[in-house]
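The figures that follow rest on heavy atoms only: side chains count, while hydrogens, waters and symmetry mates do not. For the single chain, residues carry numbers from 1 onward in sequence order.
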Amino acid sequence: MWKYVVKKLLLAIPVLLGITIIDYVIMSLAGSPLDMMVGPRMTEGAVAARAAPRGLVQPN
């Protein structure tokens, strides 16, 4: 019984690692969260107004 549990736990490690890597790649390809929230007709001022409260403003 213990061999079965240990085998399943050891099998879960690469599965969880693989899922984490795939999720990271998908989220990286999606772009910034602000780009997903804004529409095509929004002005730069409106985008900046939404970015500031969310902490997405990069210092120059």
Side-chain angles (χ1 to χ4, degrees):
M1 178 67 174
W2 286 105
K3 288 174 93 174
Y4 176 77
V5 171
V6 170
K7 183 191 282 188
K8 291 298 179 182
L9 286 174
L10 289 176
L11 184 62
I13 293 171
V15 170
L16 291 174
L17 185 62
I19 290 170
T20 303
I21 291 170
I22 290 170
D23 185 43
Y24 176 78
V25 168
I26 290 171
M27 293 304 289
S28 294
L29 293 176
S32 82
L34 191 60
D35 291 338
M36 291 182 237
M37 290 182 349
V38 299
R41 298 183 303 182
M42 289 193 71
T43 63
E44 290 295 320
V47 172
R50 285 185 179 233
R54 291 172 176 82
L56 299 173
V57 178
Q58 298 292 326
N60 291 333

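Atom-to-atom distance recorded for L16:CG and L11:CG is 9.5 Å, nearest 0.5 angstrom. With values rounded to the nearest 0.5 angstrom, L17 atom CG is found 9.5 Å from I13 atom CD1. The CG atom of L10 sits 11.5 Å away from atom NZ of K8, with the distance rounded to the nearest 0.5 Å.
Results of the side-chain contact (heavy atoms from CB on, under 4.5 Å) test with M27 over L29, V25, D23 single out D23 as the only residue that passes.
By the side-chain contact (heavy atoms from CB on, under 4.5 Å) test, L9 pairs with V5, sequence neighbours left out.
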